[in-house]
Structures are given as C-alpha cells and as structure tokens.
Number of protein chains: 2
Amino acid sequence: MTQPIPLHRDDPSKAPLVGNIKVTRQDWLNVAKDILISDGIEQVKILPMSDRLGVSRSSFYWYFKSRQDLLDALLDHWQQTNTAALVAKAGTPAQSVTQAVTFVFHCVVNPQIFSIPFDFAVRDWARRSATVRAVLHASEDARIAAIQAMFQRHGYPEIEALTRARILYYMQNGYNDADLQEPLEHRMKMVPHYLYGFTGRHAPQHEIDDFRAYCQAIQTGDTP
Amino acid sequence: MTQPIPLHRDDPSKAPLVGNIKVTRQDWLNVAKDILISDGIEQVKILPMSDRLGVSRSSFYWYFKSRQDLLDALLDHWQQTNTAALVAKAGTPAQSVTQAVTFVFHCVVNPQIFSIPFDFAVRDWARRSATVRAVLHASEDARIAAIQAMFQRHGYPEIEALTRARILYYMQNGYNDADLQEPLEHRMKMVPHYLYGFTGRHAPQHEIDDFRAYCQAIQTGDTP
DNA sequence: CAAGTATTGGACATAATTGTCTAGTCTTCG
DNA sequence: CGAAGACTAGACAATTATGTCCAATACTTG
C-alpha cells in the first residue's frame, strides 16, 4: 500500500500561490523534524503536528501508515542529509590536509549543509531505540571512516589517520547545546590544536595560518 | 504537608528480613533513576514503576505529591551526588597537579562515586526542560570552577587554569554512550595530551609516567 | 493486645493519544 | 464538463496516562 506524494506539489508552478495550500508529506516531516530537535522524539505527536499544520489529525494517515512510519522516514531523512553531507565533504579532493580538514569542518559551520541540532536530537533518540542506535552507529562509523580515508590520502599512516579522524569528529560532540551559542570562531581556532595535541607534535604555524584563512573564507561564504 | 520516610526502614534491624518489605520513597527514586538512565525522562511513568516495585500505582501518591514532585526530587538527588562528588574530588588537597588531575579523573573511572550515564541522562532531560537546564548549567559552572580553582592552587594563571579545566571536563562529554564501553585505559592515556595539547607545549614525560602510575593505582583500588 | 498511625489497593473521573472508518470535498485530466 | 483519484474532516473505539477518594490492611507504640 504505497502512499504517493501529491503530484501538484512536484511542479511548483502548479501549486496554488496563496491560501489553501495543501500540506504534503514533506510538510509533516519538516514539522516532525522541528519538534524532534526542540523537544525530543517523544514529543513528536500527531495531534500537535496537525494543529500546527492547520489540518485534521486524521489526514496524517493518508501520508503515513502510522506514527512509526513517520519516524522511520525521519531517520532516513537524517541519514541522507547529515551523514551523506559529511562523508561527501570528507571525500572532496583538496590540495593540502589543512584544506581537507577545513572542508570537513565546513559541515560544522554551515547549517545549510549539516544540522548540528539534528545530530544531537538523533543521538538522544538513539538512547531509547535500538534500531535508531544501529543506524546512528553505522553512520558514525561511515563518517569516521571517511575522515580517516581523507587523512590517509594525505599521507598519514592508518593508525594516526584514525586517531586524527576520531578527534576531529568527536570535537563537535564535546559541546552541548548551550555551547552551540558560543562563537564559532572560538571552536575553529581549536582545530589545529586538536589535530596535533594528541600526537605530541606542534601544529606548524603555516598550517594554523592556512586554517584561519580558510575559516575566514567559510564565514564570508566563498568556499567550495 | 510533609511525607515522612517510613521509620521502620531507618533502623535496618527493625526491618522485616524476608518478603513483604515495604517500598520506600528511596525505592521509588531508585526505580525512577534507572528508567531515566535507560529510557529517558519521558518514560518515567508511575504505572510502570509501580508494576516493577510490585505495589499499587496509587501508593506512589503517598510519597510524592505528583509526578513532578518525583522529578524534582530526582534532580535534587543528581545534584547532590554527581556534582557534589566531582566538586569534592577537585577540592581534595594533592601533592602535585598530576595527582590532583587524577583525583578528578577518579570520578570518571569509579561508578561508585560518579555515574556517567546519570549525567548523560540529565543532560538529555535538560534539553526539554528549562528548569532542569538551569540546574545543569549551574552544576557545570560549579564543576568547572572547582577544577579551575584546583589548577590555580597548583600555580597556573587564571586563564590557563580555566582552559585546562574546560578541556578536562569536556573530555568526558566527547564520548557518547557507545564509547563508554571502550576500555578506560584508552581514555586515561589521553588525559596528559588533553592537558597539554591546547597550550602548544608537550606533556613532560615524568607527568605522563606519574599519571599512568596513579591510574594503575585507581584500577587496583588503593587510592584516596 | 489494642489503639492509632502508616501504607496500600481498588474504584472512579478525566484527559491525551493512536488508529479506523466513512462520507464528503477538492484537483486533475481526458 | 464529468469522472477518477487525491486529500480532509469528524465520529468512533481502544489504550494509557494522571490524579482523587476511601476502605482495608500492616505496622508501631503504649
């Protein structure tokens, strides 16, 4: 029993312009994502969502078989945005390791590419659902493997590449929600230290300088 | 309207030895804590708890005014165990900074003193409750301040002491639940690097050696 | 042991939530 | 325009939760 997505919304030109715009499956997913991020998965309830969308609660069941069906779709969506984005960034060819690290870090900086609150929310969710936990762990492994591969492409031996990948990845997890308010600049400045702090070596000044330049570029928006 | 704790439980010698042992306010709190840790605060529900305790659901209301009353008590309990434990450990006089750091780290290692899963669960909870968030932030400030004071007692200037305190504290948050399975040894080995990685200096070999020795002692159980 | 207090069980009321079913409306397309 | 399909509203049923009340039972103390 498939639930087709409304055709008239696929082509935006055919959609009504004002008023009476019908909700779509994606609209339900967006609201669910918002609530997941702000209040946790337990609060993703059908009645409040329908209220927010201004439609009847029972309309929900046209788009989704059940609440669980929605949650599955939500998890899929997370995997196909956040994880795919980070893996893609880690795989982007770069001229230096510093530039490559900056690409990865790009995800943390740009909410358009990667949603940190979404990641936090899914991690919460995983604490209560074994299936979500499995998806999360697979995603984390994929992310770290991608970053590790990046370091290996730039000449680091396997073990050191893995260590650096873990540090770079867990760096973002070390902050909680409150700290996300902290200026990004502060977090970016720490990256070179994270990368070298564990190896017993100093970060070369030219890498630090390069990194700062790249970060500057990220914030002004003119980076790949 | 005060809710006294059953007297016959205060003196263990007066408690029935087998069977028919009445549940106490603390029993309810323990079950609530277990559920909070494993399933999140949303799952702390009265009916399932009474089932697990083998008593009627309505008995709950003798010990607690309402569900919210239980949650408040639970949060109090967390603050008076975890936060107090860490602050006390940070305040313990030590002969060297390495030993002092080891005392703090003791909390992370010994579940009897400090429950990491409890901390994680409360952090989750704080995402959904402003009042819990306020308590959590106050606790985190108190913890970091205590660690900072420790470094200052050992001669570090204010700013560097704060930086080191943050690193030492956030180190534990960088791991998620899955990583708690990881051998403690691995985490302990990273401490000296965390402490020096950010400052651009190397950890002196004798400090690393000292730290390893203290960690060894922690695991064999013969430390203060 | 008896009286009084502490503690529990079960009935009752209320509300929130998920899910089903059906009649009806709106949209698209031949 | 008119029929088929896409979508929605509202009634209904079932489940699960919170909280109140009161009678019954267990425990303590004189």
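Scope of the values below: all heavy atoms of this structure, side chains included, with no hydrogens, waters or symmetry mates. As the structure is a computational prediction, the values presented were derived from the model and not from experiment. Chain letters run A, B, ... following the sequence lines, proteins first, then strands; residues in each count from 1.
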Does any donor atom in the side chain of A:Ser66 or A:Asp69 lie under 3.5 Å from an acceptor atom in the other side chain? no
Just jot down the side chain to side chain contact (heavy atoms under 4.5 Å, CB included) partners of A:Ser58, sequence neighbours excluded, or say none. A:Ser56
When rounded to whole Å, the CD to P distance for the pair B:Glu42 and D:dT16 reads 18 Å
In whole angstroms, how far is the C1' atom of C:dT7 from the CZ atom of B:Arg25? 15 Å
Distance, rounded to the nearest Å, where B:Trp28 contributes CH2 and C:dT7 contributes C1': 12 Å
Does A:Asp34 have any side chain to side chain contact (heavy atoms under 4.5 Å, CB included) partners at least two apart in sequence or in another chain, and if so, which? A:Arg52
Report all side-chain donor-acceptor pairs from residues 74-81 of chain A shorter than 3.5 Å, counting only partners two or more places apart or in another chain.
unit_1	atom_1	unit_2	atom_2	d
A:Trp78	NE1	A:Asp119	OD1	3.0
A:Thr81	OG1	A:His77	O	2.9
A:Thr81	OG1	A:Trp78	O	3.1

Residues in side chain to side chain contact (heavy atoms under 4.5 Å, CB included) with B:Asp124, at least two apart? A:Asp124, A:Arg127, A:Arg128
Without decimals, in angstroms, what is the distance between A:Met49 CE and C:dA16 C1'? 15 Å
Using whole Å, what does the distance between atom P of nucleotide D:dT18 and atom CG of B:Asp69 come to? 14 Å
B:Ala94: what forms a side chain to side chain contact (heavy atoms under 4.5 Å, CB included) with it, not counting sequence neighbours? B:Gln99, B:Ala100, B:Phe103, B:His154
Atom pair distance, as rounded to whole Å: OH in A:Tyr63 and C1' in D:dA9: 14 Å
At under 4.0 Å between heavy atoms, which parts of nucleotides 18-23 of chain C does protein reach? Answer with one letter per nucleotide, 5' to 3': B base, S sugar-phosphate only, - none. BBB---
Separation of B:Trp62 atom CH2 from C:dT5 atom P, in whole Å? 13 Å
